[in-house]
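Each remark here refers to the structure printed beneath this line.
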Amino acid sequence: MRRFLRLALYLFGALLVLALGAGLWYREELARLHAVNTLFDEGRIVGNFSNMEGAFLTTPVPQGDGPVLPLGSGTPLSLPDDVAAWMAATDATGIVVLDGDTILYEDSYLGTGADDLRISWSLAKSFLSALFGISVAQGELALEEDVTVYAPQLSGGAYDGVTLRQVLQMETGVTFDEDYLDPRSDINRMGRVIALGGTMDGFAAALTERDRPAGMRWTYNSIDTHVLAMVLRGATGKPLATLLSERLLAPLGLEAEPYYLTDGEGVAFALGGLNLRLRDYARFGLMIAQGGQAQGRQIVPADWVDESTRPQAATEPGKMRYGFHWWIPWDARAEEVLGRGVYGQFLYIDKADDIVIVITAADRQFRATGSYDRALSALRTLADAVRDQR
């Protein structure tokens with residue numbers, strides 16, 4: 001019996017040492033996993049959304065050494081009461097309203113500040129769309145070609161035989177569970193892969209199922225955006241952060257250096273990992289509103305801006321329409337387009353009148369019935385207030 005107890009104690013001690021060693025070895029990974037698992041918790045979500053580097057690996061997106069796109073100050077806009085109430089109810093953290101290149105309203109809430117680098121979530125998709133248009137114009141890509149031409153690691157998987165156009169329109173038919181509230185969903189499983197240093201490319205290549213043939217109809221699918229990033233990297237031989245810097249953000253002229261969240265191989269989390277200041281989101285929106293121009297040059301081709309922000313995908317009648325990674329309301333006003341991210345991130349652009357509105361939030365009820373309709377109504381009310389003040 002004594003011998004058995006000594007052996008048991010020895011084994012227990014050995015296991016304890018191994019466990020402690022593993023804990024020290026994976027301390028950073030375990031800390032990131034904990035941060036990801038509590039990312040959206042009440043009491044944490046606001047701070048997390050301005051400090052995403054605490055939960056994920058990151059890479060800088062160099063801002064370049066050119067001039068910052070100037071934004072002037074105009075007569076302050078009076079925030080409509082119903083808009084203020086909507087923002088309070090949705091835990092808005094910041095807002096910038098532009099009339100052309102003039103700031104009419106700017107504020108930060110819930111302890112955040114103007115200098116915060118705020119997570120984009122799916123607003124990042126619209127940045128990738130603009131970058132994709134530059135690559136198409138330079139002859140590096142052709143929309144009717146298969147993704148495997150540029151990302152051969154996807155051969156034999158769910159994306160084999162899917163065209164770039166179908167991916168831009170999210171008509172791939174690839175099976176991917178986008179339920180942010182289900183911890184077992186693909187989107188949350190993907191978040192854990194990133195937190196633990198896994199690879200996004202491997203995650204995409206491992207997908208093998210489609211719900212329907214490609215090109216049949218639209219289904220929102222965030223992994224499609226990562227596939228577009230794989231294509232861009234394959235076509236150019238450059239990391240996404242370098243491409244975004246050199247071709248889009250440095251020429252645009254930002255006031256602060258952004259960063260991307262990355263996977264364990266340093267690959268940018270293209271579908272939602274871009275972090276910028278509010279005013280820099282607004283600068284990007286202004287460039288789109290002005291047909292891809294900024295700083296006296298054409299940064300994004302004007303025809304791409306026009307095509308990408310028009311309805312392209314086979315969405316359901318009466319529902320939000322989709323361009324090339326841009327949203328268009330079913331009852332859209334002239335030249336009205338949106339970038340959107342979960343938990344209440346909005347980039348509203350009225351291209352006809354050069355009005356840009358950026359709102360960030362930590363809205364844990366973003367999926368409540370009618371939430372999008374209330375958001376669109378508030379954004380339109382703000383745009384009307386800008387026009388009324390002119």
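We number each residue from 1, following the sequence as shown. Note that these values count all heavy atoms, side chains included, but never hydrogens, waters or copies made by symmetry.
For D354, the side-chain contact (heavy atoms from CB on, under 4.5 Å) criterion is met by A289, Q290, not counting sequence neighbours. Every residue two or more places apart in sequence or in another chain that forms a ring pair (Phe, Tyr, Trp, His ring centres under 6.0 Å) with W327 is listed here: W218, Y220, Y322. Taking the side-chain contact (heavy atoms from CB on, under 4.5 Å) definition, one finds that D160 meets it with T148, S155, sequence neighbours left out. Under the side-chain contact (heavy atoms from CB on, under 4.5 Å) criterion, P239 pairs with T242, not counting sequence neighbours. Residues passing the side chain to side chain donor-acceptor pair (under 3.5 Å) test with N48: none are found, sequence neighbours excluded. Applying the side chain to side chain donor-acceptor pair (under 3.5 Å) criterion to R44, with sequence neighbours excluded, gives no partner residue.
By the neighbour-count criterion of 12 heavy atoms within 6.0 Å, atom CD of E42 is sparsely surrounded, having that number or fewer from other residues, nucleotides or ligands.
Within the structure, side chain to side chain donor-acceptor pair (under 3.5 Å) contacts touching residues 379-390 (residues at least two apart or in different chains) are D99-R390, D331-R380, R333-D384, E336-R380, D350-R387, D353-R387, D384-R387. Sequence neighbours left out, not one pair with a member in residues 159-210 passes ring-ring contact (aromatic ring centres under 6.0 Å, His included). Applying the ring-ring contact (aromatic ring centres under 6.0 Å, His included) rule to pairs touching residues 128-147 yields nothing, sequence neighbours excluded. Applying the ring-ring contact (aromatic ring centres under 6.0 Å, His included) rule to pairs touching residues 363-390 yields Y343-F366, sequence neighbours excluded. Legend: ring-ring contact (aromatic ring centres under 6.0 Å, His included) pairs involving residues 267-300, not counting sequence neighbours, sorted by first then second residue: F127-F284. Note on residues 77-88: no pairs pass salt bridge (Lys or Arg N to Asp or Glu O under 4.0 Å), not counting sequence neighbours.
Ion pairing of D211 with R217 is absent here, as no side-chain N (NZ or NE/NH1/NH2) approaches a carboxylate O to less than 4.0 Å. Salt-bridge annotation for E307 and R165: present, with a side-chain N of the basic residue lying under 4.0 Å from a carboxylate O of the acidic one.
In the model, T219 has a side-chain atom that pairs as donor or acceptor with a side-chain atom of R212 under 3.5 Å. Inspection of the S222 and E178 side chains reveals an N or O donor paired with an N or O acceptor under 3.5 Å. For the residue pair S135 and E140, a side-chain donor N or O sits within less than 3.5 Å of a side-chain acceptor on the partner.
Between the CG atom in L261 and the CG atom in N275 there is a gap of 5.0 Å [rounded to 0.5 Å].
Between L379 and L338 the shortest side-chain heavy-atom distance falls below 4.5 Å.
Put simply, V267 and Y259 are part of two different groups of oily side chains (I, L, V, M, F, W, Y) that touch within less than 4.5 Å, one to the next.
No option in D91, I95, T360, V46 other than I95 meets the side-chain contact (heavy atoms from CB on, under 4.5 Å) test with Y109.
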